[in-house]
Protein chains: 2
Amino acid sequence: MTVMESAPVTAPAKPRNCAGLRDGPRRPDGQDQYTISEVVGLTGLSAHTLRWYERIGLMPHVDRTHTGQRRFTNRDLDWLSLVGKLRLTGMPVADMVRYAELVREGPATFAARERLLTAHREDVRQRIDELRDTLAVLDYKIDLYADARLGSEGEL
Amino acid sequence: MTVMESAPVTAPAKPRNCAGLRDGPRRPDGQDQYTISEVVGLTGLSAHTLRWYERIGLMPHVDRTHTGQRRFTNRDLDWLSLVGKLRLTGMPVADMVRYAELVREGPATFAARERLLTAHREDVRQRIDELRDTLAVLDYKIDLYADARLGSEGEL
DNA sequence: TAAAGAGCTGGAGTGCACTCCAAGCAAGCG
DNA sequence: CGCTTGCTTGGAGTGCACTCCAGCTCTTTA
């Protein structure tokens, strides 16, 4: 079976664990040259998505071979790991692009980057609270159904 | 200023708190007859969304006046509260519709409903864990930026 | 009773985040 | 040399969850 261009249709294991890199076959700095399909394997993102990230300005600047093929580095992998986490926590792509721009502009934007991340952290905290609230409702409802089930069994 | 049909363009406070109903002017059971715009005020959902929910089968069955206008009840408000929580926790609308169907089918579906809710609860728990993991990364990054800021201030 | 305002419908449009397509180049192999 | 495989591009298409529109009816206020 050959490596296909598109993302797998039948989910391989769980695509949920795309946040952090499956850090296995990572090459030492200096010889870190990954093709796009290697990065697909390492990140779980599709090649389409990786190219799209670059097009919209979400990648710091990806190296190319003399024939124009992308060669990703360990640094790119680290960046994609961060992007994956931000995405998983619901940061809009536009905000991530904004953050990427700030990174490209250099150390002068440290304060702005800190503000952006701090605002997002506040968002994430609120969302955790929301989720916990709902968990309580869910527990309550599930208990109701469980009780009803046990009750009807008792009647048999 | 009159009450407009569509959702407010300039966000009133934060539209985030749409999960639970702002339980204020809730009428006693028996006289619980709310127009669509009253429900908009109570839930924070737009009238469009309320009609759309009904169209796709996400509402249990909304009463109508003799001229065809919707009249929502306290029961509908409770349902919308649950829907709001499920939506906030990322349950796809299709799953919520499935749950609504089960509710319409009566007590025979208790077990199925319990399974659906239990699966979602597992989802929510996992998401909380993901968010907490990212929170740690965020803390780390923010600390880095804060340290850098303090360091450069010290140099002045 | 006339005008303004709220509600109704089916269907079209929007924004986000991908996701895919078609056509074409480049490297490796028998 | 030709074939397969992998990578390239711009642009079009998809799915979700709304969001809005046009044209109408109904209700309330002056």
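Just so it is clear, the structure is predicted and the values come from calculations on it, not from any experiment. Within every chain, numbering begins at 1; the chains are lettered A, B, ... in the order of the sequence lines, protein sequences first and strands thereafter.
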Using the test side chain to side chain contact (heavy atoms under 4.5 Å, CB included), find all partners of [X] that sit at least two apart in sequence or belong to another chain.
| X | value |
| --- | --- |
| A:T73 | A:D32, A:D63, A:R75, A:D76 |
| A:A111 | A:R115, B:R149 |
| A:V97 | A:I56, A:L58, A:V93, A:E101 |
| A:R125 | A:R121, A:E122, B:L135, B:D139 |

With heavy-atom distances below 4.5 Å as the criterion, would you say the side chains of A:T35 and A:R71 are in contact? yes
B:V103 side chain reached by B:T109 side chain, heavy atoms, under 4.5 Å: no
Checking the side chain of B:T89 only, and the main-chain atoms of B:K85 only, is there a donor and an acceptor separated by less than 3.5 Å? yes
Taking atom [atom2] of [N] as reference, at what distance in whole Å does atom [atom1] of [X] sit?
| X | N | atom1 | atom2 | result |
| --- | --- | --- | --- | --- |
| B:R51 | C:dA6 | CZ | P | 12 Å |
| B:R71 | C:dG7 | CZ | C1' | 9 Å |
| A:L50 | C:dC20 | CG | P | 14 Å |
| A:Q33 | D:dC7 | CD | P | 14 Å |
| A:H48 | D:dG10 | NE2 | C1' | 14 Å |
| B:I56 | C:dG11 | CD1 | C1' | 16 Å |
| B:Q69 | C:dA6 | CD | P | 12 Å |

Tightest non-hydrogen contact, residues B:E114 and B:T118, listed as O-OG1, 2.6 Å
Close residues, residues 58-66 of chain A, relative to DNA chain D [heavy-atom separation under 4.0 Å]: A:R64
Check whether any side-chain nitrogen or oxygen of A:R70 sits under 4.0 Å from OP1 or OP2 of D:dT8, and answer yes or no. yes
Closer than 4.0 Å, any side-chain N/O of A:T67 to the OP1 or OP2 of C:dC25? no
Mind checking if B:R55 touches a base, just sugar-phosphate, or nothing, with heavy atoms under 4.0 Å? base
Going by an N to O cut-off under 4.0 Å, is there a salt bridge joining A:R64 and A:E54? yes
Measure all distances between protein nitrogen or oxygen atoms and nitrogen or oxygen atoms of nucleotides 14-18 of chain D, and list the pairs falling under 3.5 Å.
{"unit_1": "D:dA17", "atom_1": "OP1", "unit_2": "B:V93", "atom_2": "N", "d": "3.3"}
{"unit_1": "D:dA17", "atom_1": "OP2", "unit_2": "B:V93", "atom_2": "N", "d": "3.4"}
{"unit_1": "D:dC18", "atom_1": "OP1", "unit_2": "B:R87", "atom_2": "NH1", "d": "3.3"}

